[in-house]
Amino acid sequence: MLRIFFLFSLLLFSFSHVSALDFCVGDPKGPIGPSGYSCKIPANVTVNDFVFSLAKAGNTTNIIKAAVTPAFDAQFPGVNGLGISIARLDLAPGGVIPMHTHPGASELLLVVQGSILTGFVSSDNSVYLKTLKKGDVMVFPQGLLHFQINARGKTAIAFPSFSSPSPGLQILDFALFANSLPSFIVEKTTFLDDATVKKLKAVLGGTG
């Protein structure tokens, strides 16, 4: 009887130990590494760490007439270490998300309002283009250039989800024209003339 009690106690301890490893809620005040944030102390984890609201529309009064509200590990600690995340995309009429990549994740885009013209370019320069309507979903493989454009005269809303809690982002236009990369290098590598490069740098806040 004593042996059975001992085995039962050991089993309970094992389950308790495993449950502590079920998740790693991110601690934004702690160090961050390639695998994400360090874990919060389990005793400090609450249900609110696993809940995030994307109900509020983003501010689209900007040059691209678009807003992305992320629920990545930096904003939503519960996804830390789980290999997933989500965001909200608002595209006002005329809105666009320029060509960009997510170096750390594939993306799945679900349209819930309006229509969005979107697509990606594969590594062999094949183009995959589609106008998505409410209820449509499209996948964008990791690291490939892709974009979104509002295809109608009303605000479009979509929810992109990612295969990483921190997918990363690099916008092609900003990489070329919103930094200090010298104009002559941009001109040589893009075949654009000096006036066009300087105009785009002025619009996007670049120098050089």
Side-chain angles (χ1 to χ4, degrees), residues 23 25-26 32 34-37 49-178 203-204:
F23 48 78
V25 171
I32 184 171
S35 59
Y37 288 95
D49 291 313
F50 302 102
V51 178
F52 191 90
S53 176
L54 291 172
K56 184 178 179 181
N59 182 4
T60 58
T61 57
N62 51 59
I63 190 173
I64 60 175
K65 299 180 181 178
V68 176
T69 305
F72 303 156
D73 53 4
Q75 299 83 24
F76 188 11
V79 302
N80 186 62
L82 297 183
I84 55 172
S85 61
I86 194 169
R88 172 178 173 142
L89 169 62
D90 292 278
L91 283 172
V96 57
I97 299 295
M99 280 284 190
H100 64 283
T101 69
H102 302 291
S106 295
E107 175 183 343
L108 195 67
L109 183 74
L110 168 64
V111 178
V112 298
Q113 178 180 298
S115 297
I116 296 176
L117 173 61
T118 186
F120 65 88
V121 182
S122 68
S123 57
D124 67 358
N125 291 321
S126 296
V127 177
Y128 300 87
L129 187 66
K130 187 73 173 179
T131 297
L132 305 180
K133 302 182 293 296
K134 179 180 178 180
D136 289 342
V137 176
M138 186 168 179
V139 65
F140 306 90
Q142 180 173 338
L144 297 185
L145 284 167
H146 59 287
F147 65 91
Q148 286 90 30
I149 300 172
N150 188 319
R152 292 285 188 274
K154 60 177 290 188
T155 297
I157 302 172
F159 289 90
S161 56
F162 302 91
S163 61
S164 167
S166 182
L169 172 67
Q170 184 170 39
I171 299 176
L172 181 60
D173 294 351
F174 291 0
L176 290 172
F177 307 113
V203 169
L204 295 177

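Computed from heavy atoms alone, side chains included, the values below leave out hydrogens, waters and symmetry copies. Residues take their numbers from the sequence shown, with the count starting at 1. Note that the structure is predicted; figures quoted are calculated from it, not measured.
- Side-chain contact between Leu169 and Pro167 is absent, with no heavy-atom pair separated by less than 4.5 Å.
- Distance check, rounded to the nearest 0.5 Å: CG of Leu54 to CG of Leu89 gives 11.5 Å.
- A donor-acceptor pair under 3.5 Å links the side-chain atoms of Asp90 to the main chain of Gly58, judged by distance alone.
- Few gaps surround CD on Gln75; more than 12 heavy atoms of other groups in view lie less than 6.0 Å from it.
- Remark: Ser122 OG to Leu145 CG distance equals 10.5 Å, nearest 0.5 Å.
- Annotation: side chain of Phe177 is not in contact with side chain of Val203 (no heavy-atom distance under 4.5 Å).
- Closest approach of Ala156 and Asn150 over heavy atoms only: N-ND2, 3.6 Å.
- With sequence neighbours left out, the ring pair (Phe, Tyr, Trp, His ring centres under 6.0 Å) criterion links Phe162 to Phe72, His102.
- Ser163 and Ser106 make their closest contact through OG-N, 2.9 Å (heavy atoms, listed as atom of the first residue, atom of the second, distance).
- Among residues at least two apart or in separate chains, there is no side-chain hydrogen bond (donor to acceptor under 3.5 Å, both in side chains) pair with a member in residues 129-145.
- Closest non-hydrogen pair, Gly119 versus Phe140, comes out as O-CE2, 3.9 Å.
- Judged purely by atom type and a 3.5 angstrom limit, Asn80 has no side-chain atom pairing as donor or acceptor with the backbone of Asp73.
- Judged by distance alone, the side chain of Arg88 and the main-chain N or O of Ala55 form a donor-acceptor pair under 3.5 Å.
- Taking each heavy atom of Val111 and Gly114 in turn, the nearest pair found is CG1-O, 3.6 Å.
- Residues Ile84 and Pro165 have side chains not in contact (no heavy-atom distance under 4.5 Å, counting atoms from C-beta outward).
- With sequence neighbours excluded, the residues that form a ring pair (Phe, Tyr, Trp, His ring centres under 6.0 Å) with Phe52 are Phe76.
- The distance from atom CD of Glu107 to atom CG of Leu144, rounded to the nearest 0.5 Å, is 11.5 Å.
- Closest heavy-atom contact between Val68 and Ala87: CG1-CB, 4.0 Å.
- The shortest distance between side-chain heavy atoms of Arg152 and Gln113 does not fall below 4.5 Å.
- Across Val137 and Leu110, no two heavy atoms sit closer than the pair CG2-CD1, 3.6 Å.
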Given side-chain contact (heavy atoms from CB on, under 4.5 Å), test Ile86 with Val79 step by step and report yes or no. CA-CA 9 Å; Ile86 194 169; Val79 302; over 6 Å; no
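- Side-chain atoms of Ser85 come within 3.5 Å of backbone atoms of Ser164 as a donor-acceptor pair (strictly under, hydrogens ignored).
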Pair Met138-Phe120, side-chain contact (heavy atoms from CB on, under 4.5 Å): steps then yes or no: CA-CA 10 Å; Met138 186 168 179; Phe120 65 88; 4.0 Å; yes
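- Remark: Leu91 CG to Ile97 CD1 distance equals 5.5 Å, nearest 0.5 Å.
- Side-chain atoms of His146 never come within 3.5 Å of backbone atoms of Met99 as a donor-acceptor pair (strictly under, hydrogens ignored).
- If you take CG on Leu204 and CZ on Phe174, they are separated by 5.5 Å, rounding to the nearest 0.5 Å.
- Side-chain contact between Lys56 and Thr69: absent, with no pair of heavy atoms (C-beta onward) separated by less than 4.5 Å.
- Between the side chain of Thr118 and the main chain of Phe147, a donor-acceptor pair closer than 3.5 Å is present.
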